[in-house]
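Read the structure below first, then the notes.
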2 protein chains.
Amino acid sequence: MNIKILLALLRNVTMKSFDKGEILIQVGSTKRDVYYIRKGLVRSYMVDEDVNEITFQIYAEHQVFTNAHSVLFNESSKFYYQTLEHTKVYIVDYNALLKLTSQNAELLELNRSYFGKKVIEQVFQRVESFVFLSPEERYKKFVQDNPKLIHRVPDKYIANVLGITPVSLSRIRNRISKKK
Amino acid sequence: MNIKILLALLRNVTMKSFDKGEILIQVGSTKRDVYYIRKGLVRSYMVDEDVNEITFQIYAEHQVFTNAHSVLFNESSKFYYQTLEHTKVYIVDYNALLKLTSQNAELLELNRSYFGKKVIEQVFQRVESFVFLSPEERYKKFVQDNPKLIHRVPDKYIANVLGITPVSLSRIRNRISKKK
DNA sequence: CTCCTTTCTTATCTTTAGTTAAGTGGACTT
DNA sequence: AAGTCCACTTAACTAAAGATAAGAAAGGAG
């Protein structure tokens, strides 16, 4: 990779720290920032008509997230993105990233293959888990895929991600532990 | 758009017709063909351990589908793609498409924005429907989004797509019609 | 047109999830 | 250290979904 482009890339990267509970992306935002989590935990969530918060996704260390509605569909964000712990992130403006990568075939491929794929792969697998698995199986898969997360993320958020209620999640846990 | 590139594009497009029930993409295939449905209906499905077919997605006229596992993740297909009616499609090899589009910024953007977005938008909305909606609400949304499909697609396939059983789908219909 | 297959519905029973509320245990505050 | 808040569990009830089977309706093949 061209060192000139690498330097240009680095110039566009910002490091930021956030306290627990801070909002990184607001609903309605059209910013096209791409976040890489160096340390910490972030969740995306929506607020429904009854003012309930519903968590859509959870992101941990080394994961990339972004205002997907803005980057992918040019719409404003439907989600809040909020830290669940003290969190340190690298931020790149997606437009700048695009400009840079379009100048370099290698980077372009990296951008497409890495960033795009990760996001899509995740979403795809998630649909599959809803179509093919029961809530209990989804929970088991979640634990398997994210063994460390269950101790760091409140159950109510995990329940939302699995598409069930916190009460139901608690019962599923109970059921599983009894079977053993 | 450059006419030379347009012609090159057309040289890479094949038109094909399939009878009802034919398999377009086999499980295990690594072919990177992109299909555009001119007329007809296609479903993607998996076969589980108990040899049950589980339908993952349904594609109709003017929709684009492809061996997503192969194109997006460089893996072999986990799904069969099968016609549900006599179906006419245009086929482009994705690799050829990539080569062509990379020579032309306009086409590149078209490819990214149109093909990519459509696929991703669909999957995203689908996850949202599982997280935020009940089975009954999912069914209503499906009818709203695909008013013509319900009369062309067997219920058991729709049930799979919604993540429920055919029996449950029948009951949901019954419930809805009684409420009116 | 009739027979056969497939799909859809209906019924019964069991299991699981949603809802609401009460109770328990931690963590944090003052 | 007592009180407050919040997350999680448990309980009781209702509603809905899964499984299985049987019957009705529709579609296709000969």
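Bear in mind the structure is a predicted one, so any value in this text is a computation, not a measurement.
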Just how far, in rounded Å, is [atom2] of [N] from [atom1] of [X]?
X        : N      : atom1 : atom2 : value
B:Tyr139 : D:dA17 : OH    : C1'   : 17 Å
A:Ile176 : D:dT9  : CD1   : P     : 12 Å
B:Leu162 : D:dA16 : CG    : P     : 17 Å
A:Leu84  : D:dA7  : CG    : P     : 11 Å
B:Ile164 : D:dA15 : CD1   : P     : 19 Å
A:Asn160 : C:dG18 : CG    : C1'   : 14 Å
A:Asn174 : C:dA17 : CG    : P     : 12 Å
A:Lys178 : D:dT9  : NZ    : P     : 13 Å

Using a strict threshold of under 4.0 Å (side-chain N to carboxylate O), is an ion pair present between [Y] and [X]?
X        : Y        : value
A:Arg152 : A:Glu61  : yes
B:Lys141 : B:Glu137 : no
B:Lys16  : B:Glu22  : no

- Task: Have a look at B:Ser168 and say if it touches a base, only the backbone sugar-phosphate, or nothing, with a 4.0 Å heavy-atom cut-off.
- Result: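 Touches sugar-phosphate only.
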Considering every strand and a 4.0 Å limit on heavy-atom distances, what is the contact class for B:Pro135: base, sugar-phosphate, or nothing?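 Contact class for B:Pro135: sugar-phosphate only.
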**Asked** To the side chain of B:Arg173, which of C:dT9, D:dA17, D:dA7 is closest?
**Response**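 It is C:dT9.
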B:Lys156, nearest nucleotide to its side chain (from D:dC8, C:dC8, C:dA17):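 Looking only at side-chain atoms, B:Lys156 lies closest to C:dC8.
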Q.
On DNA chain D, does the nearest nucleotide to A:Pro154 precede the nearest nucleotide to B:Gly163 from the 5' side, or the other way round? Give the residue.
A.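 Nearest nucleotide further toward 5': that of A:Pro154.
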Quiz prompt | Pairwise 5' ranking along DNA chain D for A:Asp155 and B:Ser134, keeping only the more 5' one | solution =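 Its nearest nucleotide being more 5', the pick is A:Asp155.
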Can you find a side chain N or O atom of B:Arg175 that sits less than 4.0 Å from OP1 or OP2 on D:dA17?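 Yes.
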Would A:Arg126 and A:Phe56 count as a cation-pi pair here, with the cationic atom under 6.0 angstrom from the ring centre and within 45° of the axis?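 The answer is yes; both the distance and angle limits are met.
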Exercise. Establish, for the pair B:Arg173 and B:Phe142, whether the NZ or CZ atom is under 6.0 angstrom from the six-membered ring centre and no further than 45 degrees off its axis.
Key: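 No cation-pi geometry.
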Rounded to the nearest 0.5 Å, what's the gap from CG on B:Leu162 to OH on B:Tyr157? Could you check?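 With rounding to 0.5 Å, CG (B:Leu162) is 15.0 Å from OH (B:Tyr157).
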Readout for nucleotides 19-30 of chain D: B = base within 4.0 Å of protein heavy atom, S = sugar-phosphate only, - = neither; 5' to 3' it is BB----------
query: Relative to the ring of B:Phe79, is the ring of A:Phe132 parallel (under 30°), tilted (30 to 60°) or perpendicular (over 60°)?
result: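 It falls in the tilted class, 30° to 60°.
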